[in-house]
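Below is one structure, written out as structure tokens; comments come after it.
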Amino acid sequence: MPDVITRFAPSPTGHLHIGGARTALFCWAFARAEAKRRGGDARSTFLLRVEDTDQARSSEQAVAGILEDLAWLNIHWDEGPRIGGTGFQPVPGAQPPTAIGGDARRVGPFFQAQRLAIYNQYIDWMLGHDLAYPAFDTAEQLDAQRKAAADRKHTYRYKRDASYDRDAALARLRAGEPCVIRFNNPDAPVHVADAVLGDITFEPEHIDDFVLRKADGFPTYHFAVVIDDELMGVTHILRGQEHLNNTPRHVALQRALRRTDTDQPFRTPVYAHLPLIFNPDGSKMSKRDKDKAARDAAKKAADTAALATVVAPDASPEQLATWLDDKRSQLPTNALVRLAAHLSLDLPEIEVEDFRASGYLPEVLCNYLALLGWNPGNDLEKFDLAFLATTFDLDRIGKTNSKFDRDKLRAFNADALRAMTPEAFAARWREWAGHYEPRLASIPDGTLPIAARAAAPRASTFRDAVAQIAFAFTADDALAFDPGAVQKVLRKGEPTGLETLRDLAPSIGAIPANAAFTPEAIDAAIKSFAESRSLGMGKVAQPLRVALTGTSVSPGLGDVAAILGRDRTLARIERCLAAHS
RNA sequence: GGCCCCAUCGUCUAGCCUGGUCCAGGACACUACCCUUUCACGGUAGCGACGCGGGUUCGAAUCCCGCUGGGGUCACCA
């Protein structure tokens, strides 16, 4: 059976967008599952190609970020840029961090900027067959023609006219005059057989002589993608529906081209256009959403001078002012992050990195992403990559765009966190915190599973989990007491909560330090005290809770006290008694 | 505006191809109750959709047409 070869082809202009992650996931899963369906000798290849033909916007830093994001998600590519062994921590229990990428079939390089000679070879061939031609129009001329077409309520379509002098144009090209190379697109309708959307026909009057090679010598996306997919043997192209209107261009090119090495015609791969992912309000999920959220909060804060100080290292006061006024402007990422922290605002997660920083699990993100536009056909919603690698299929991809539902993602993540053992939770929590939450380092290794047990049922993300034990990060003598809780829990009642707390203290103090100061021992002490005084647990527990956390809401008291340890627990009780007597 | 795509609960969706078993199933969210030392967790129950109008048919969420609505795309970006 023939091999299955898919590819993910990001352009390195920023972090990996959540929609891109889904595309990569689908490409990966399809290659695996389809090869399996085809039988033993069908191989599966998922390759990663970097589309860095936009010299102005591409960056090496973005490449590195995208590779790491994919690796973190455990979407590993067989061919493409090599990374391996370092830089990211695989999921415990998952495959070991072997190298990712490589070029087993010798179809690289996988950076388009390194393939210019190949593209030029095909440009020359096309020029020779009058399948392509030089064009010398200026940007102003093109703009004017577009505007004229728009005035006639028509779409502008570039076509070489009858008076075009090919020989003269070729001579100018040889003389080194700057120009673009355009496709001499034949006037024929193009049929696209899309595996998701079905058959679509594009009439010739809508297909133009698009640019193949830019004036800077780099290929356009349309040209490079067709050449590379053929040369790399790509059999199936899964991509976002925003590319649907590009497809007739690609198919027309494939029909025009032959390989320079074998003289075989180009093949047309199977296309599958994926529905798009939007915000709940229907807008595009974009980095600008972060600016919008921060801007809205900043405007409410009103104290612009303070904001300028906060943002100072990364943005000038003028930048800030502009940003505040202009909805389209964007602030440097660091400034945005600083601002959000200052305003106690959670920026919306848009890129994979954002979800990672918020403390989502990669396997949960993949699971949720898979459900956006695909489903296994029954009521099953929770599954892993191994399931996708055997089950994923094109005919179960939906046609309708979907909205990204953070609540559902959170719920899935919360379920996954709760399903972990405290030890497993603690290990991955610590790993995450190493990147994103230094405060967690103050919790001793032996205590972390207790903290995990306390936080896990109350947390949707690792970041949430930290918030659940925030009481432990405050110095004992700096703990703030919630006035409402003090009034209700310590002042009222007969006896008052404060009196009960005073009586309870020796029972807690009677528990030996270190190993014996366990959640079980602490809970037992509280319980037996309550029973000995014939008091309800609420009468006893709530005052202690206020003393230890400053509030009337917290995880179980045994866990809370054990996380603090004996010394800090007793210190907090003492301080509470002193402060409110 | 031209072209292209889409249309089931608030959201993600099953069902549609191969009409009847669907007064439409699941999940998230929401509501109520139970459990309970607080908050959660957990358990139980509930609310909630076939966009509209025509056909075809004994029968339509399922097939056809129109309308409406939503989205994508119209670059020397990808």
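The figures here come from the full heavy-atom set of this structure, side chains too, leaving out hydrogens, waters and symmetry mates. In what follows, every chain begins at residue 1, and chains take the letters A, B, ... in the order their sequences are listed.
Remark: B:U73 base-pairs with B:G2. Criterion, Watson-Crick or G-U wobble with two distances under 3.5 Å. Across all strands shown, B:A7 is found opposite B:U68 as a Watson-Crick or G-U wobble partner, with both distances under 3.5 Å. Using the Watson-Crick or G-U wobble rule with both distances under 3.5 Å, B:U62 pairs with nothing in any strand shown.
A:E51 and A:Y221 form no side-chain donor-acceptor contact under 3.5 Å, judged by distance and modelled atom types alone. Looking at A:D384 and A:N367, their side chains never bring a donor and an acceptor atom within 3.5 Å of each other. Between the side chains of A:H273 and A:T247, a donor-acceptor pair is found at a separation under 3.5 Å. Side-chain N/O atoms of A:N246 and A:R239 include no donor and acceptor closer than 3.5 Å. Between the side chains of A:S554 and A:R545, a donor-acceptor pair is found at a separation under 3.5 Å. Side-chain polar atoms of A:D54 and A:S58 form no donor-acceptor pair below 3.5 angstrom.
The side chain of A:T551 places no N or O atom within less than 4.0 Å of a non-bridging phosphate oxygen (OP1 or OP2) of B:U38.
Between A:I522 and A:T518, every side-chain heavy-atom pair lies at or beyond the 4.5 Å cut-off. Considering only heavy atoms from C-beta on, A:L25 stays 4.5 Å or farther from A:F8 through its side chain. With contacts defined as side-chain heavy-atom distances shorter than 4.5 Å, the pair A:W374/A:L388 qualifies.
Rounded to an integer number of Å, the gap from A:D379 CG to B:A14 P is 11 Å. Atom P of nucleotide B:C74 and atom CG of A:L244 are separated by 12 Å, given to the nearest angstrom. Distance A:R249 CZ to B:C3 C1': 12 Å, rounded to the nearest Å. In this structure, the CG atom of A:N246 is 8 Å from the C1' atom of B:U73, given to the nearest Å. We find that CG of A:L380 is positioned 20 Å from P of B:C12, with the value rounded to whole Å. Between A:L197 atom CG and B:C4 atom C1' there is a gap of 10 Å when expressed in whole angstrom units. Rounded to an integer number of Å, the gap from CG of A:L276 to P of B:C12 is 13 Å. In this structure, CD1 of A:I18 is placed 15 Å from C1' of B:C12, rounded to the nearest angstrom.
Below the 3.5 angstrom threshold, one finds a donor paired with an acceptor across the side chain of A:E381 and the base of B:G26. Under 3.5 Å, the side chain of A:R458 and the base of B:C39 form at least one donor-acceptor pair of N or O atoms.
Stacking of A:R115 on the aromatic ring of A:F111 is not recorded, the 6.0 Å distance cut-off and the 45° axial limit not both being met.
With distances taken from any side-chain atom of A:K403 to the nucleotides B:U38, B:C12, B:C77, the minimum falls on B:C12. Counting only heavy atoms from C-beta on, A:R146 has its side chain closest to B:A75 among B:A75, B:U73, B:C6. Among the nucleotides B:U11, B:G72, B:G71, the one closest to any side-chain atom of A:K284 is B:G72. Distance from the side chain of A:D407 is smallest to B:A29 among B:G71, B:A29, B:A40. Checked against B:G72, B:C6, B:C41, the side chain of A:T400 finds its nearest nucleotide in B:C6. Checking B:C77, B:C41, B:U13 against the side-chain heavy atoms of A:D54 singles out B:C77 as nearest.
Taking a 4.0 Å limit (strictly below) on heavy-atom distances, residues 521-531 of chain A reaches RNA chain B at A:D523. Of all the residues in residues 208-220 of chain A, A:V211, A:K214, A:A215, A:T220 reach under 4.0 Å from RNA chain B with at least one non-hydrogen atom. Contacts between residues 178-195 of chain A and RNA chain B, counted as heavy-atom distances below 4.0 Å, involve A:V180, A:R182. At a non-hydrogen distance threshold of 4.0 Å, A:K408, A:A411, A:F412 from residues 408-415 of chain A come into contact with RNA chain B.
For A:R174, there are no salt bridge (charged side-chain N to carboxylate O under 4.0 Å, His left out) partners, not counting sequence neighbours. Residues passing the side-chain hydrogen bond (donor to acceptor under 3.5 Å, both in side chains) test with A:D503, sequence neighbours excluded: A:R533. Residues meeting the salt bridge (charged side-chain N to carboxylate O under 4.0 Å, His left out) test with A:E349, sequence neighbours left out: A:R406. Shown here are the salt bridge (charged side-chain N to carboxylate O under 4.0 Å, His left out) partners of A:E140, two or more places apart in sequence or in another chain: there are none.
In this pair, A:F392 and A:F30 present their aromatic rings perpendicular. The plane angle is above 60°, beyond the 30 to 60° band. Taking the six-membered ring where the residue is Trp, A:F404 and A:Y368 present perpendicular rings, their angle passing 60° and hence far from 30°.
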For residues 481-488 of chain A, which side-chain N or O atoms pair as donor and acceptor with protein atoms under 3.5 Å away, sequence neighbours left out?
from: A:D482; atom 1: OD1; to: A:G484; atom 2: N; distance (Å): 3.4
from: A:D482; atom 1: OD2; to: A:A485; atom 2: N; distance (Å): 3.3

What donor-acceptor contacts under 3.5 angstrom involve side-chain atoms of residues 183-193 of chain A, with partners at least two apart or in another chain?
from: A:N184; atom 1: OD1; to: A:R160; atom 2: NH2; distance (Å): 3.4
from: A:N185; atom 1: ND2; to: A:D208; atom 2: O; distance (Å): 2.9
from: A:D187; atom 1: OD1; to: A:R157; atom 2: NH2; distance (Å): 3.3
from: A:H191; atom 1: ND1; to: A:T201; atom 2: OG1; distance (Å): 2.9

Show each protein N/O and nucleotides 61-69 of chain B N/O combination with a separation under 3.5 Å, one pair to a line.
none

Close N or O pairs between protein and nucleotides 15-19 of chain B (under 3.5 Å):
from: B:G15; atom 1: OP1; to: A:R396; atom 2: NH1; distance (Å): 3.2
from: B:G15; atom 1: OP1; to: A:R396; atom 2: NH2; distance (Å): 3.2

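Using a 4.0 Å heavy-atom criterion, one finds that A:S11 contacts the sugar-phosphate atoms exclusively.
B:C58 shows a glycosidic angle more than 90° from 0 and is accordingly assigned anti.
To the nearest whole angstrom, the two P atoms, one in B:G53 and one in B:C16, are 24 Å apart. Only the C1' atoms considered, B:A61 is 14 Å distant from B:U13, to the nearest whole Å. A gap of 26 Å separates the P atoms of B:U18 and B:G54, to the nearest Å. Rounded to whole Å, the C1' atom of B:A32 lies 38 Å from the corresponding atom of B:U68. Atom C1' of B:C9 sits at a distance of 5 Å from the matching atom of B:G48, rounded to the whole Å. Of the P atoms belonging to B:U62 and B:A7, the separation is 12 Å, rounded to the nearest Å.
With respect to the salt-bridge test (charged N to carboxylate O, under 4.0 angstrom), the residues A:D52 and A:R57 do not qualify.
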Show the numbers, then the answer: is there a side-chain contact (heavy atoms from CB on, under 4.5 Å) between A:Y133 and A:D209?
-> CA-CA 9 Å; A:Y133 61 92; A:D209 286 359; 2.7 Å; yes

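With rounding to the nearest 0.5 angstrom, the CG atom of A:L501 is 14.5 Å from the NZ atom of A:K539.
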